[in-house]
Amino acid sequence: MINITFPDGSVRQYEEGITGYEIARSISPRLAEDVLAIAVKAAGDTTIGKGEVMDLNRPIEADSSIFLLKWDDEEAKRVFWHSSSHLMAEALEDLYPGIKFGIGPAIENGFYYDVDLAGNQITDADFPKIEKRMLELAREKQEFVRIDVPKAEALKHFEEKGEKYKCELINDLEDGSITYYTNGHFTDLCRGPHLRSTECIKAVKLTSLAGAYWRGDEKREQLTRIYGITFPKKSLLDEYLVVLEEAKKRDHRKLGKEMELFTFSSRVGMGLPLWLPRGSVMRYELESFLRKKQKQYGYLPVVTPHIGSKDLYVTSGHYAKYGKDSFQPIHTPQEGEEYMLKPMNCPHHCEIFRSAPRSYRDLPLRLAEFGTVYRYEQSGELHGLTRVRSFTQDDAHMFVTPDQVKGEFEKVIDLILYVFKIFKFENYTAQVSLRDPNNKAKYIGSDENWEKAENAIIEASAEKGLKTVVEYGEAAFYGPKLDFMVKDAIGRRWQLGTIQVDYNLPERFQLEYTDADGSKKRPVMIHRAPFGSIERFSAVLLEHTGGHFPLWLAPDQVKVLPVSAKYADYAKKVCDLLNNSDIRTSVDDRNETLGKRIRENSLLRIPVRIIVGEKETAEGTVSVTREGTDVGAMKAEEFVSWFKAEMAKELE
RNA sequence: GCCACUUUAGCUCAGUCGGUAGAGCAACGCAUUCGUAACGCGUAGGUCGCCAGUUCAAGUCUGGCAAGUGGCUCCA
């Protein structure tokens, strides 16, 4: 007999070799229906987490603590979707004989399988057919059967089937660690775990079709990636589709159009946003918000040109790294001159540092600029405002002594967290991006400096209590970084704030300061941008708020609607009063019904609406509605102080 | 850049088998003067993304190009 410990601490005894499914059934048949997988941790194992996720029908041989995983557990969803990708593969093999399989993992929302269609054609019009076949197979209640196979046998099996991608995967695996999972007539190389049976899969939706390079390498074959999602209940699929629809309504490209914030023109060029008047007001507000805070943190403003001599970027090393993939150098009437559109601000700021002798007393020197930069992003990568070819960084560079790195880094974390708090970004990921330890040649700078910089970031994040994830190979070529990632409406993750330590540029630009003992020392640079770029930040903020900006940021803050033309003069008087108090106000006295004007101004996301009619005109009052909620009537002067107080609350 | 799909009025979208283009909203005019999310009537608006080809005839079929969308790769 073995002891099984449950999450509540209770212990039950079972026969050796009992399976998760049998344990669940011993508790209740209903539980056995709902449970999808099991997490098992051997007795005495003190690691955190629930333990290893396993198939429900794998025997448990020793004392263990267990979690029975149901749909609401993330781990169970992954198992569910991973099994669903096998189910889809089985259906695809039925419908498209000769098809070859790559990999088919679970992802955040659903799963995909990469396939080589081997001459077949699939379009999204074929999805219903595939979905139907998947459901038919699911109803066959196929069990997922796991078997261990020797490497040689696995290779032989897949070679005979002509599965060259699988063979490549097997070649990279250790003999003895190879397992198959079979459901119905479909056998896949797979580590598992899987569902007990396909019968749990009750609702299927294939979502999209895309190209994907084999093993993520653009020099290799491009496979067809089929995305899908499945659920244990039809109603869950319906709910998911509704959520997706809702999310699409918050797409910043749609809102940007509706709210008249920005536009694009293919004649101006792809990825080059045109900011409309309302969007520009919002941009300026974002900038002044940050300028004010940065002043408190001791930043000094600078302004630098949009172009720079090619030599500048040769010196910085950016030309060697990105020159070929940039907007190409601009040639001038004068022979031999070459200028580049500024792809980043740092080299300019380095030259500002060099413009005067610097003392240790001047450090940290913090130079800040809303600098517009131009990068030739790949055409297929452009996306609304989140990935563009011309964007404005809320950039700053700190020149510090080596001892000041950590302290300065922490100050920047404080600033970024302040920004995120004001905008209520709560679900961000702080990602520490370090070098790829297996490919150090990709990076410039000495090992020693890299170690120092990486440690500074890790320590500073820890001291600020940030929960970080560490990604190897994600560092910039000149230094490690701490990035703050936020999700958009449909769950894509975008990098916003970033902090980067750089020992390299000071070296290349031969930057120096005079230390207390009179010796020349090399400063360290910290790059940072709390928004990342105004463009991307605006996009994510639009999706985050659904266009309902805080009062201080709304392009139009107040709209005054006279009930009819008779009250237009009073409306204008109120409007002037508010504008004189720096509240962005306009009157909508168009010859339209009140209801229609209310509707249209609501769609523009104007946060505050004032209605004036006979009563208000007589009493000198305004009737106020904020975001559709009635605030009541007040004197026009009272409104000004109410509004200012509401704005102040948002910035606390 | 690669794969797939898409492109019709300012916006959102119909358009069957190839027979020469339609709606709603917006705009403009008239009427209306209105109390918290779409009043009514009328007018105007399109080289069907662009360029070729097939055809008696192309929004529709074929090819190329451009832009957009979803991914991949990339992201200083």
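All chains are named by letter (A, B, ...) in the order of the sequence lines, taking the proteins before the strands, and each is independently numbered beginning at 1.
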Name the nucleic acid region contacted by Ser316(A), choosing base, sugar-phosphate or nothing; use a 4.0 angstrom heavy-atom cut-off, strictly under. nothing

Side chain to side chain donor-acceptor pair (under 3.5 Å) partner of Glu108(A), the single match among Arg78(A), Arg492(A), Lys487(A): Lys487(A)

Quick check on RNA chain B: between Leu223(A) and Ile490(A), whose nearest nucleotide comes earlier from the 5' end? Leu223(A)

Grab the CG-P distance between Leu382(A) and rC72(B) for me, whole Å please. 15 Å

Distance check, C1' atoms only: rG59(B) and rC17(B), in whole angstrom units. 15 Å

Looking at every strand, decide which applies to Arg389(A) at a 4.0 Å heavy-atom threshold: base, sugar-phosphate, or nothing. nothing

Is the His86(A) ring parallel, tilted or perpendicular to the His82(A) ring (thresholds 30°, 60°)? perpendicular

Find the distance Arg253(A):CZ to rU6(B):C1' and express it as a whole number of Å. 13 Å

Using a 4.0 Å heavy-atom cut-off, write out nucleotides 33-40 of chain B from 5' to 3' as B (base contacted by protein), S (sugar-phosphate only) or - (no contact). BBBBBBB-

Can you tell me how far P in rG19(B) sits from the matching atom in rG40(B), rounded to whole Å? 35 Å

Does a nitrogen or oxygen in the side chain of Thr123(A) sit under 4.0 Å from OP1 or OP2 of rC5(B)? no

When you compare rG45(B) with rG29(B), how far apart are their C1' atoms, in angstrom units rounded to a whole number? 14 Å

Just checking His383(A): base, sugar-phosphate only, or nothing, at a heavy-atom cut-off of under 4.0 Å? sugar-phosphate

Cation-pi geometry met for Arg389(A) and Tyr376(A) (6.0 Å, 45°): yes

Expressed as a whole number of Å, how far does the P atom of rG10(B) sit from that of rU47(B)? 8 Å

According to a 3.5 Å limit on both distances, what stems of 3 or more consecutive Watson-Crick or G-U pairs are formed with RNA chain B? B:1-7 with B:66-72, B:10-13 with B:22-25, B:27-30 with B:40-43, B:49-53 with B:61-65

Touch check for Ala212(A), heavy atoms < 4.0 angstrom, all strands: base, sugar-phosphate only, or nothing? sugar-phosphate

What is the distance from CZ of Arg225(A) to P of rC2(B), rounded to the nearest Å? 18 Å

Answer yes or no for Arg225(A) and Tyr112(A): cation-pi contact, defined as NZ/CZ to six-membered ring centre under 6.0 Å and angle to ring axis within 45°. yes

Check the side chains of Arg493(A) and Thr429(A) for a donor-acceptor pair under 3.5 angstrom, ignoring hydrogens and angles. yes

A cation-pi test, strictly: NZ or CZ of Lys100(A) under 6.0 Å from the centre of the six-membered ring of Tyr165(A) and no more than 45 degrees from its axis. Yes or no? no

Side-chain heavy atoms of Phe509(A) within contact of Arg522(A), under 4.5 Å: no

Answer with yes or no whether Arg387(A) presents, from its side chain, a donor or acceptor under 3.5 Å of a partner atom in the base of rC74(B). yes

What about Glu218(A): does its side chain form a donor-acceptor pair under 3.5 Å with the base of rC72(B)? no

Checking Ser586(A) against Lys559(A): is there a side-chain donor and acceptor pair closer than 3.5 Å? yes

Grab the CH2-P distance between Trp214(A) and rC72(B) for me, whole Å please. 16 Å

Give a yes/no answer on whether the side chain of Arg492(A) brings an N or O atom under 4.0 Å of OP1 or OP2 in rG71(B). yes

Which part of the nucleic acid does Gly380(A) contact within heavy-atom distance under 4.0 Å: base, sugar-phosphate only, or nothing? base

Are any non-hydrogen side-chain atoms of Phe425(A) and Leu496(A) less than 4.5 angstrom apart? yes

Any Lys/Arg nitrogen of Glu474(A) or Arg435(A) sitting under 4.0 Å from an Asp/Glu carboxylate oxygen of the other? no

In whole angstrom, give me the gap between the C1' atoms of rC50(B) and rU7(B). 11 Å

Would you kindly give the CG-to-C1' distance between Leu312(A) and rA76(B), to the nearest whole Å? 13 Å

Could you state the atom-to-atom distance from CE of Met485(A) to P of rC75(B) in whole Å? 13 Å

Between Thr498(A) and Gln500(A), do the side chains contain a donor N or O and an acceptor N or O under 3.5 Å apart? yes

Do Thr304(A) and Glu369(A) have side-chain N/O donor and acceptor atoms under 3.5 Å apart? yes

How about Phe537(A) and Phe531(A): are their ring centres within less than 6.0 Å of each other? yes

Once you apply a heavy-atom cut-off of 4.0 Å, does Lys481(A) come out as touching a base, just sugar-phosphate, or nothing? sugar-phosphate

How long is the line joining OH of Tyr213(A) and C1' of rC74(B), in whole Å? 10 Å

If the C1' atom of rA38(B) is compared with that of rC11(B), how far apart are they to the nearest Å? 16 Å

Between rU55(B) and rU60(B) - P atom distance, rounded Å: 16 Å

Spacing of the P atoms in rG63(B) and rG68(B) (rounded, Å): 23 Å

Looking at every strand, decide which applies to Tyr227(A) at a 4.0 Å heavy-atom threshold: base, sugar-phosphate, or nothing. sugar-phosphate

Quick one: label Phe264(A) by what it contacts on the DNA or RNA (base, sugar-phosphate, nothing), any heavy atom closer than 4.0 Å. nothing

Over all strands shown, is Met270(A) touching base, sugar-phosphate only, or nothing at heavy-atom distances under 4.0 angstrom? sugar-phosphate

I'd like to know if the side chain of Trp214(A) pairs up with that of Asp114(A) as donor and acceptor (distance under 3.5 Å, no hydrogens or angles considered). no

Where do N or O atoms of nucleotides 12-14 of chain B meet protein N or O atoms at under 3.5 Å, pair by pair?
from, atom 1, to, atom 2, distance (Å)
rU12(B), OP1, Lys257(A), NZ, 3.3

In whole angstroms, how far is the P atom of rA4(B) from the CZ atom of Phe127(A)? 14 Å

